[in-house]
Each structure stands twice: as structure tokens, then as C-alpha cells.
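By convention here, the first residue in the shown sequence is residue 1.
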Amino acid sequence: MSTWDVLLWGAAPYATIAVLVVGSIWRFRYDRFGWTTRSSQLFESRLLRFASPLFHFGLLVVIVGHAIGLLIPESWTAALGVSELLYHLVAVGLGALAGICTLVGVALLIYRRRRNGPVFSATTVNDKAMYLVLVGAIVLGLLTTVLANGITEGYDYRATISPWFRSIFVLQPDVALMVDVPWPFKAHILVGMLLFALFPFTRLVHAFSGFAAVRYLFRPYVVYRSRAEAQPRRGWEPVGVPGKHDAPRPTRKH
């Protein structure tokens, strides 16, 4: 176990968590009005209507899959009657499908952002760096799912990476578990930590809004005014003629 192992698998996770938490608090405190995706729907909506759900729902399945694989011990799924073969088939099949959907969705979003003039003009250097890291994390995730668990002999990450991940939250990181982990898994973890560190400073921060309100996931991209709150228009009425919304004028007696 080298010094690099201690830094990457013992110190870097806590640095990532610190940047994520402190950065999110700072962003909410000093840039509350910037806590948004800066929607570009007004510039182009046809491709966005297809690419955005494909990316978001694919990513949601990926996140759930990561949570199950990393947080739930192997002994728990075995106690529920889930065999290792069944777990492996579901993880590879569903994980690959969700990863491909996410990758296709983000590829379409990048294509739209690059080919549409007004959308590209609204793209910042921050956005470009975020997309680069995000695509890297997705591609490496697919590589670990398909190559390491689908084509080759396979690698049981729940015997090494999952216990290491859980040990971080009890403040006793078991760095030794990560020493012999194959490089695609290590690269995926490192890029994932970089992505979480960038979270508070990019448009990705809007994802935290979904935890506050589930309906956020199904709302329109931009809500200018609720239809339920819209009032009927008064229209044009000549001066001096009471309209239907005006109170009647009192009659003067001579």
C-alpha cells in the first residue's frame, strides 16, 4: 500500500464530500437565483423534448443501481434469496441499458448545444468542463459494467469496492481493499469523485431540488405562470364606461 493509495482512497473521498457540502451551502447562500439549469428550451425544444427525459431517467436508474450495489451488503441480498448469478445478470443487463440510454441522452444534448446557435452562445466554459467529466464518468461506468462484468471473467466489486465505500462513512476507510482493484473501476471512481466535487459549481446543482420536491422531476422545464392562477383578461373598454370588473358608480341626486 503506497502513499498514493492512502491519498486517493483514504483522503480524497473526504475532500470530495467537504467540497460538495461546503460548496452547495455557499452556492445556495450567495447564488440562490443561479440555482438552476439555465433552461434553453426557448431556443430549441424539439430535440430537448426527447433527449432530456432519456438522459434524466437513464441517469436515475444508474444512481439507484449504484446505491444498491455499494450500500447493500452481499449477505443481505443472499438472505433475501437473490443468487449471485441473478444479481449479476440484472446488474449487467439493466446497468448496461441504463448506461446506454444516459450516454445517448447526453450525446444528443451536447449535439443540440453545439449545433444550435443560440444554445451554443449560452454555453459557458463551466458547462463544457462539466459535460467532459460527465461523459467520462458514464463511459467508464459502461466499461466496468460491460467489459469487466459482461465479457471477461468478471470482477466481484461487492467484495472490495462496496466495503471500502461503506467504510468511508464510519470514518475508517479500508484503503487496503482498493489496492488490487482493476484500473477501469479505479478510474471510474476517481472521475466520479471529480464530478461530485464540481457539482455545486455547475448547472448539475439543480439535481438537489429533486430531493426537496418529487414533483420537480415531472414539472415543465420553465414555468412562467400557472394556468390555474391565470385570470381572465379584461380587454379594452372605453374611458368612462364601467366594465364588468368595475364596481357600479354611485348615482348623484340633485
Side-chain angles (χ1 to χ4, degrees), residues 16 20 37 39 47-74 76-78 80-113 130-152 154-158 161-162 164-166 169 182 184-199 202-221:
T16 302
L20 176 64
T37 59
S39 175
L47 187 58
L48 182 67
R49 190 178 299 115
F50 172 75
S52 183
L54 186 65
F55 168 73
H56 283 89
F57 285 103
L59 185 61
L60 181 62
V61 176
V62 170
I63 293 174
V64 172
H66 277 69
I68 295 175
L70 295 175
L71 297 177
I72 300 180
E74 187 174 357
W76 290 20
T77 55
L80 294 175
V82 179
S83 65
E84 181 62 25
L85 178 60
L86 177 60
Y87 181 91
H88 179 80
L89 292 176
V90 173
V92 173
L94 189 59
L97 178 61
I100 292 173
C101 290
T102 306
L103 184 61
V104 172
V106 74
L108 290 175
L109 290 175
I110 294 175
Y111 173 82
R112 167 183 175 271
R113 188 165 292 276
M130 180 270 296
Y131 276 118
L132 180 63
V133 178
L134 180 61
V135 171
I138 297 172
V139 171
L140 287 170
L142 280 172
L143 181 64
T144 59
T145 300
V146 178
L147 294 183
N149 283 324
I151 298 178
T152 61
Y155 178 75
D156 188 7
Y157 66 90
R158 293 202 294 170
I161 299 176
S162 298
W164 165 78
F165 182 80
R166 294 192 294 268
F169 296 97
F185 288 90
K186 290 183 176 180
H188 179 53
I189 294 170
L190 292 175
V191 175
M193 286 194 289
L194 177 60
L195 183 64
F196 277 105
L198 291 175
F199 229 83
T202 65
R203 65 174 66 225
L204 293 176
V205 74
H206 79 281
F208 291 140
S209 303
F211 295 104
V214 177
R215 60 180 297 185
Y216 181 89
L217 297 173
F218 305 97
R219 70 166 180 80
Y221 298 111

K.L.:
Kindly indicate whether the side chain of Tyr131, heavy atoms from C-beta on, has any atom under 4.5 Å from the side chain of Arg113.
P.N.:
yes
K.L.:
Would you be so kind as to tabulate the donor-acceptor pairs closer than 3.5 Å made by side chains of residues 60-67, with sequence neighbours excluded?
P.N.:
unit_1, atom_1, unit_2, atom_2, d
His66, ND1, Val62, O, 2.8
His66, NE2, His188, NE2, 3.4

K.L.:
CD1 of Ile100 to CD1 of Ile138: how many Å apart, nearest 0.5 Å?
P.N.:
12.0 Å
K.L.:
Applying side chain to side chain contact (heavy atoms under 4.5 Å, CB included) to Leu204 and Leu195, what does each step give before you reach the verdict?
P.N.:
CA-CA 9 Å; Leu204 293 176; Leu195 183 64; 3.8 Å; yes
K.L.:
Between the side chain of Thr144 and the main-chain N/O of Gly141, is any donor-acceptor distance below 3.5 Å?
P.N.:
yes
K.L.:
Please identify each residue that fulfils salt bridge (Lys or Arg N to Asp or Glu O under 4.0 Å) with Arg158, with sequence neighbours left out.
P.N.:
Glu84
K.L.:
Tell me, do Cys101 and Phe57 make a side-chain contact under 4.5 Å, heavy atoms counted?
P.N.:
no
K.L.:
To check you understand the geometry: which heavy-atom pair defines the closest contact between Gly58 and Ala98, and what is its length?
P.N.:
O-CB, 3.8 Å
K.L.:
Looking at residues at least two apart in the chain, or sitting in another chain, which of them share a ring-ring contact (aromatic ring centres under 6.0 Å, His included) with Phe165?
P.N.:
Phe169
K.L.:
On a heavy-atom basis, which atom in Ala51 and which in Leu109 lie closest, and how many Å separate them?
P.N.:
CB-CD2, 3.7 Å
K.L.:
Filter on side chain to side chain donor-acceptor pair (under 3.5 Å), then keep only pairs touching residues 92-107, sequence neighbours left out; what's left?
P.N.:
none
K.L.:
Could you check if a side-chain atom of Leu48 sits within less than 4.5 angstrom of a side-chain atom of Leu108, using non-hydrogen atoms only?
P.N.:
no
K.L.:
I'd like to know if the side chain of Thr16 reaches the main chain of Leu194, judged simply by a donor and an acceptor atom lying under 3.5 Å from each other, with no hydrogens or angles considered.
P.N.:
no
K.L.:
Just jot down the side-chain contact (heavy atoms from CB on, under 4.5 Å) partners of Ile189, sequence neighbours excluded, or say none.
P.N.:
Trp9, Ile161, Trp164, Met178, Met193
K.L.:
So, taking the atom named CE in Met130 and the one named CG in Leu198, what distance separates them when rounded to the nearest 0.5 Å?
P.N.:
9.5 Å
K.L.:
Take Phe185 and Leu143 through the side chain to side chain contact (heavy atoms under 4.5 Å, CB included) test and state the conclusion after the steps.
P.N.:
CA-CA 9 Å; Phe185 288 90; Leu143 181 64; over 6 Å; no
K.L.:
Among all residues two or more places apart in sequence or in another chain, which pass the ring-ring contact (aromatic ring centres under 6.0 Å, His included) test with Tyr111?
P.N.:
none
K.L.:
So which heavy atom on Leu71 is nearest to which on Arg166, and how close?
P.N.:
O-CD, 3.6 Å
K.L.:
Apply side chain to side chain contact (heavy atoms under 4.5 Å, CB included) to residues Leu103 and Val106 and explain how you reach the verdict.
P.N.:
CA-CA 5 Å; Leu103 184 61; Val106 74; 4.3 Å; yes
K.L.:
When rounded to the nearest 0.5 angstrom, what is the spacing between CG in Leu94 and CG in Leu89?
P.N.:
12.0 Å
K.L.:
Roughly how far apart are Leu80 CG and Ile72 CD1, rounded to 0.5 Å?
P.N.:
8.5 Å
